[in-house]
Amino acid sequence: MREDMLTIGAFAKAGRLSPKALRLYDELDLLKPVRVDPDTGYRYYAVAQLEQARLVAWLRRLGMPLARIRQVCALRPAAAAREIRAYWARVETETAARRDLAEFLVEELSAVSVSRKDTTMLELRYCAHSDRGLVRPANQDTAYAGSRLLAVADGFGPTGHPASSAAIDALRVLDTPEAPTGNVLNLLDDAVRGATDAVHDVVDGAGEDAGTTLTALLWTGSRLALVHIGDSRAYVLRGGGLFRITDDHTVVQSMIDEGRLTPEEAATHPQRMLLLKALTPAATPDLRLQDAEPGDRYLLCSDGLSRVVPDPRIRHLLTSAPTPDSAVHALIAAANEAGGPDNVSCVVADVVEPTMS
């Protein structure tokens, strides 16, 4: 055997890979041996392949899928570094979402949870309005606000308005005088499944270019359950600061999350309106609980507002408007002053102490 060749056993030890893994990588064309003995089938590797073997081992320790490892190994070092950075940014984003879910489950299942009777019950003061804007020939948005349910849906395609209306109508079963009983996220999840079916019936036959986004909050009297899919948004104004509590399910947002794009570059990116997810049977919406405090002001809006009115301006309008009604109309006016290129829908709700009768 040549001095620059290693047996599979020696190569596995030096590259920190098992012989079993090396055989798999051979089958997947990820790390091919230099020579295979025609009589015994024994694999031999070049010493120069150790660098790639170690890279594969490190990437596997990161949890990177084999298909993506193959892509990374085919790149030059600088490009491979960018790809690894993008992969890890995505892992951190997904881990944060799982952490939020784990925290919710711990709270729900903990035997020391605060009992309902000790929870201060609050109320909502709310307003919803939808506007066609100045450019679009029709309004495909639907906005709704009630004592328990706040929702915005942004329809698109030839059946956009029926789709957004169907989604909101399916959720309105939750808008009852009494606070929801049982696990509120399960209730919301069940209602969203009904909304998904309703939208599917409406857009059936219209193709993939028809559907709707959905962002909604279900009020329990002390907390809000959030469901979100698409690029409509939910914000909370608290203590003078404006915080976005949803993530856009768009191509450019995924590129920002992966470090491929800056927020400034995203604002003018040609694919900034391209959705990754909408309300379909194949897509999973975000579901989580949001703690509420007296004095909170919540905003739900379609991208007809957020795409043309910057967050500092939204914060100023929400802060200065005395009521939800005045806030909604000030926000819609601001979107139209910015050109009104899209339908714009807003729901604003204030969390307040109940009035004593």
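The residues of the chain are indexed from 1 along the displayed sequence.
- Side-chain contact between Thr220 and Leu289 is absent, with no heavy atoms from C-beta onward closer than 4.5 Å.
- By the 4.5 Å heavy-atom criterion applied to side chains, Leu276 and Thr250 are not counted as neighbours.
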Note to self: Go through it in stages, so that I can follow the logic: the residues are Leu17 and Tyr25, the test is side-chain contact (heavy atoms from CB on, under 4.5 Å), and I'd like the CA-CA distance, side-chain angles, deciding distance and then a yes or no.
What the structure shows: CA-CA 10 Å; Leu17 292 166; Tyr25 300 159; 3.9 Å; yes
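- When atom types are taken as modelled, the side chain of Glu83 and the backbone of Cys73 share no donor-acceptor pair closer than 3.5 angstrom.
- Among all heavy-atom pairs drawn from Ala283 and Ala278, the shortest one is CB-O, 3.4 Å.
- Counting only residues at least two apart or in different chains, ring-ring contact (aromatic ring centres under 6.0 Å, His included) contacts with residues 45-83 comprise Phe11-Tyr45.
- In this structure, the separation between OH on Tyr44 and OG1 on Thr7 is 7.5 Å, given to the nearest 0.5 Å.
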Next item on the list: Decide yes or no on side-chain contact (heavy atoms from CB on, under 4.5 Å) for Val91 and Leu62, but give the supporting numbers first.
Entry: CA-CA 9 Å; Val91 169; Leu62 283 179; over 6 Å; no
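- Val227 and Pro285 make their closest contact through CG2-CB, 3.9 Å (heavy atoms, listed as atom of the first residue, atom of the second, distance).
- A single hydrophobic cluster is not seen to contain both Val344 and Tyr126; linkage of ILVMFWY side chains at heavy-atom distances under 4.5 Å, directly or through other members, places them apart.
- Residues Val308 and Val252 do not share a hydrophobic cluster, clusters being chains of Ile/Leu/Val/Met/Phe/Trp/Tyr side chains in contact below 4.5 Å.
- Residues in residues 314-346 take part in these ring-ring contact (aromatic ring centres under 6.0 Å, His included) pairs, two or more places apart or across chains: His129-His329.
- Among Thr246, Thr213, Asp154, the single residue meeting the side chain to side chain donor-acceptor pair (under 3.5 Å) criterion with Ser232 is Thr213.
- Going from atom CZ of Arg297 over to atom CG of Asp350 covers 4.0 Å, rounded to the nearest 0.5 Å.
- Ser130 and Asp141 share no donor-acceptor pair across their side chains, judged by distance under 3.5 Å alone.
- Under the 4.5 Å side-chain criterion, counting only non-hydrogen atoms from C-beta, Gln71 is not in contact with Leu75.
- No donor-acceptor pair under 3.5 Å is formed between the side chain of Arg315 and the backbone N or O of Thr319.
- Nearest approach of Ala335 to Leu305, heavy atoms of both residues: CB-CD1, 4.2 Å.
- We find that Asp303 and Arg233 are not joined by a salt bridge, their nearest charged nitrogen and carboxylate oxygen being 4.0 Å or further apart.
- Other residues, nucleotides and ligands contribute more than 12 heavy atoms inside 6.0 Å of the CZ atom of Arg35.
- With a 4.5 Å cut-off on side-chain heavy atoms, Asp296 and Leu122 do not count as touching.
- From Leu299, atom CG reaches atom CZ of Arg244 across 11.5 Å, with rounding to the nearest 0.5 Å.
- Here CZ of Arg125 is found 10.5 Å from OG of Ser147. Values are rounded to the nearest 0.5 Å.
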Next item on the list: Kindly determine whether Asp342 and Ser302 satisfy side-chain contact (heavy atoms from CB on, under 4.5 Å), including the steps that lead there.
Entry: CA-CA 9 Å; Asp342 198 357; Ser302 61; over 6 Å; no
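- In terms of hydrophobic clustering, with Ile, Leu, Val, Met, Phe, Trp and Tyr side chains grouped at heavy-atom distances under 4.5 Å, Val173 and Leu188 are assigned to a common cluster.
- Qualifying ring pair (Phe, Tyr, Trp, His ring centres under 6.0 Å) partners for Phe243, counting only residues two or more places apart in sequence or in other chains: none.
- Looking at heavy atoms from C-beta onward, Met5 lies in side-chain contact with Val34 at the 4.5 angstrom threshold.
- Side-chain contact between Ser345 and Thr142 is absent, with no heavy-atom pair separated by less than 4.5 Å.
- The salt bridge (Lys or Arg N to Asp or Glu O under 4.0 Å) contacts involving residues 18-31 comprise Asp26-Lys32, Asp26-Arg43, Asp29-Lys32, where partners must be two or more places apart or lie in separate chains.
- Screening Asp197, Val203, Asp201 for a side chain to side chain contact (heavy atoms under 4.5 Å, CB included) involving Val199 leaves a single residue, Val203.
- Screening Thr215, Leu217, Leu300, Leu149 against Val347 for a side chain to side chain contact (heavy atoms under 4.5 Å, CB included) leaves a single residue, Leu300.
- In this structure, Trp219 is not a member of the same hydrophobic cluster as Leu237, with clusters built from ILVMFWY side-chain heavy atoms closer than 4.5 Å.
- Here the side chain of Arg76 pairs no donor or acceptor atom with the backbone of Ala80 at under 3.5 angstrom.
- Under the ring pair (Phe, Tyr, Trp, His ring centres under 6.0 Å) criterion, Tyr298 pairs with no residue, sequence neighbours left out.
- Using a 4.5 Å heavy-atom threshold, the side chains of Leu59 and Arg68 count as separate.
- To the nearest 0.5 Å, atoms CG (Asp291) and CZ (Arg223) are separated by 6.0 Å.
- Shown here are the ring pair (Phe, Tyr, Trp, His ring centres under 6.0 Å) partners of His249, two or more places apart in sequence or in another chain: His228.
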Check: For Ile168 and Leu214, what are the C-alpha separation, side-chain angles and deciding distance, and is it a side-chain contact (heavy atoms from CB on, under 4.5 Å)?
Finding: CA-CA 8 Å; Ile168 300 298; Leu214 178 65; 3.9 Å; yes
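- In this structure, Cys127 SG and Leu150 CG are separated by 11.0 Å, a value rounded to the nearest 0.5 Å.
- For the pair Thr284 and Lys277, the tightest heavy-atom approach, listed with the atom from each and the gap, is O-NZ, 2.7 Å.
- Across Tyr144 and Ala128, no two heavy atoms sit closer than the pair C-CB, 3.8 Å.
- Nearest heavy atoms, Ser164 versus Gly155: CB-N, 3.7 Å.
- When the side chains of ILVMFWY residues are joined at heavy-atom separations under 4.5 Å, either directly or via intervening members, Leu318 and Val236 end up in two distinct hydrophobic clusters.
- The shortest distance between side-chain heavy atoms of Ile229 and Val192 does not fall below 4.5 Å.
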